[in-house]
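Per chain, numbering begins at 1; letters A, B, ... match sequence-line order. Everything numeric in this text was worked out from a predicted model, so none of it was measured.
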Amino acid sequence: MMEHSLFALVDLFGTFAFAVSGALAAEQKRLDLFGVVAISYMTACGGGIVRDLCLGSLPPVGISDWRYLATSALAAAMAIWARPIVDHLQHPVVFFDSLGLGFFAVVGAHKALLFGHNIEVAIVLGMVTAVGGGVARDVVLNRVPIILQKEIYALAALVGAALQVLGQFMEWRVAVTPWFAASICFAIRLLALRYSWSLPVFHKTDAAH
Amino acid sequence: MMEHSLFALVDLFGTFAFAVSGALAAEQKRLDLFGVVAISYMTACGGGIVRDLCLGSLPPVGISDWRYLATSALAAAMAIWARPIVDHLQHPVVFFDSLGLGFFAVVGAHKALLFGHNIEVAIVLGMVTAVGGGVARDVVLNRVPIILQKEIYALAALVGAALQVLGQFMEWRVAVTPWFAASICFAIRLLALRYSWSLPVFHKTDAAH
Amino acid sequence: MMEHSLFALVDLFGTFAFAVSGALAAEQKRLDLFGVVAISYMTACGGGIVRDLCLGSLPPVGISDWRYLATSALAAAMAIWARPIVDHLQHPVVFFDSLGLGFFAVVGAHKALLFGHNIEVAIVLGMVTAVGGGVARDVVLNRVPIILQKEIYALAALVGAALQVLGQFMEWRVAVTPWFAASICFAIRLLALRYSWSLPVFHKTDAAH
């Protein structure tokens, strides 16, 4: 019970962090108040909605549980009217975003296994839960998704989801697995940011000259 | 019975108006004949398809009921071969688009409640039904969704969906509620166009200099 | 049995060809390794995933059957590390892409009928299966979908899906129908490429001056 509450709390922290990143991006594109809230919500809940559509868990929890919408709206409101606080939270935002990445990956993988699906479904949907919202944000704002270009991001989510799946199959202790899997994802992401770890890019524009 | 027919008729008017707006946008981007029909259909039915996916009402009615596809194709054909008529209908198109916005919001909210879901699901999916197609159109045509930037649009749909939900919970007369909710949405949208009501934009590019 | 194996094999050839086209496009946009694999997978499986969401066949086979992901990853790896082979396969890629178009259209239409849906659902979802991945690729890479602009492509898929539906309703021989329908689609596409058949475009930029 206590564990479940903690899980839900961190889930909402992740939602908040993703929502803030969506709101800031929407403001930059000069969207209006409604647009900022909409992009904020889409960034925070888009991945989970696609996961639930693929699992047939309908309606998606991001729509049916009011706390996700409320958290997104709160994050958007803060990005608009309490910008100094958000700027002050800049590091916390990166922190929560990375934390959210880990927990969303774990939650997504766990939910897929709970619905009785195989390992691949769990890993793919864990990753989709974690990165889907950011991709939706960038697609709607007409940008090439940043997470497919920059420091290791989706790969960290992949590792988190895979560890959760491994843990459940190896029957690691239930109370430990999600925390461990999310922590590794979180650590990879923070280290990637700290040391600018990037995956290779292969386009040979220069070599072609 | 009669009421249901009227409802279906106005639903198709809305479909037609959204389809015309999609076709005109696709022509501007120089898509070919097929592209124009595809964007037209996507604009008219995209919102309802996402709603039905979220409700698990499969296959989505926009795909299984031929009248939606036929209406979209007719609208695209008119936008191509009867452009003078469409230009003549310019004001009617804005009229039907606003009407469609209201009715799609009401239809979406009503269907979500019919499937036994809660208030939030009904309001969110009512809005998604009304604005989803326009967002899909702009995303595929590689533009930042116009409805997130300009005169009050999605907010009008939100009000329409919310009034429908309120009406059903307050047990207003069944024959009156949808017309009332759609009318208010319609009125807000027309007034916003007439008086250029916009929601605030928060990006402080100039202030930053 | 043998026929089913052949079908599955050609399905995977189509997946491979679509995945290669996705990987090449992602490299051009300078995505990183993960981005290339992600776009590759999305191009190959996006259409089938949307079809399965609309049919309620969950989780989508593109996610639950590991061979689709493995084929996509293989194609991406070849586009990155065995570029000379891929360039050598250039004509085969166009060949497989056209073949894949035909078979995806047939598979999609067949699956929709199998789930008990009507003609329109079968034709629309056959086409969505065939072209959905390419549209997803272009949307995520921030381009107007090429298949809505250039040589006859989606129309060929439409014809393939329609012939499969016709064949099933006319009770043509089960062993012949899919091959026939896919072949016609394939032939239309190759002829369109060979002779630059395009659908008309209607935007009158010049005429307006």
Side-chain angles (χ1 to χ4, degrees), chain A residues 22-42 45-46 48-70 72-73 76-84 86-87 135-145, chain B residues 49-58 60 108 111-113 115-128 131-132 134-159 192 197-208:
Chain A
L24 294 178
E27 280 190 69
Q28 274 181 357
K29 284 275 183 173
R30 308 186 63 78
L31 298 195
D32 67 20
L33 175 59
F34 187 89
V36 172
V37 175
I39 297 294
S40 170
Y41 175 60
M42 196 179 293
C45 298
I49 289 173
V50 173
R51 174 201 63 211
D52 287 354
L53 288 177
C54 287
L55 291 177
S57 168
L58 303 176
V61 69
I63 298 178
S64 60
D65 183 335
W66 65 273
R67 292 176 305 172
Y68 292 93
L69 183 52
S72 305
M78 283 185 62
I80 289 170
W81 289 295
R83 189 61 176 274
V86 169
D87 289 340
V135 170
R137 174 197 63 211
D138 290 346
V139 163
V140 171
L141 293 182
N142 209 3
R143 315 190 294 194
V144 174
Chain B
I49 289 173
V50 172
R51 174 201 63 211
D52 287 354
L53 288 177
C54 287
L55 290 177
S57 167
L58 303 176
K111 187 164 185 176
L113 293 179
F115 273 68
H117 298 307
N118 66 29
I119 295 180
E120 185 192 337
V121 175
I123 294 178
V124 170
L125 291 185
M127 204 163 54
V128 164
V131 309
V135 170
R137 175 197 63 209
D138 291 347
V139 163
V140 172
L141 292 182
N142 210 5
R143 316 190 293 195
V144 174
I146 217 165
I147 64 160
L148 301 175
Q149 297 174 292
K150 291 222 311 185
E151 296 91 1
I152 284 170
Y153 190 93
L155 190 63
L158 173 64
V159 171
W197 287 349
S198 289
L199 289 170
V201 172
F202 301 97
H203 191 49
K204 294 148 189 107
T205 334
D206 304 324

- Query: Stepwise, does the side chain to side chain contact (heavy atoms under 4.5 Å, CB included) test hold for B:Asn142 with A:Asn142?
  - Reply: CA-CA 6 Å; B:Asn142 210 5; A:Asn142 209 3; 2.5 Å; yes
- Note on the structure: Interface check, chain B: of A:Ile49, A:Leu141, A:Leu69, most non-hydrogen pairs under 4.5 Å belong to A:Leu69
- Item | Which atoms of A:Asp52 approach chain B - backbone, side chain, both or neither, heavy atom under 4.5 Å | neither
- Note on the structure: Residue from B:Val121, B:Leu125, B:Leu158, B:Val124 scoring the most non-hydrogen pairs under 4.5 Å with chain A is B:Val121
- Task: Measure A:Leu53 against the heavy atoms of chain B and call it side chain, backbone, both or neither at under 4.5 Å.
- Result: side chain
- In terms of heavy-atom contacts, B:Glu120 and A:Trp66 come closest through OE1-CA, 2.6 Å
- Note on the structure: Residues at least two apart in sequence or cross-chain that pass side-chain contact (heavy atoms from CB on, under 4.5 Å) with B:Ile119, listed by chain then number, are B:Ile123, B:Val165, B:Phe169
- In short, A:Pro60 meets B:Cys54 closest at the heavy-atom pair CD-O, 3.8 Å
- Query: What residue in B:Leu58, B:Asn118, B:Asp138 has the most heavy-atom pairs under 4.5 Å with chain A?
  - Reply: B:Asn118
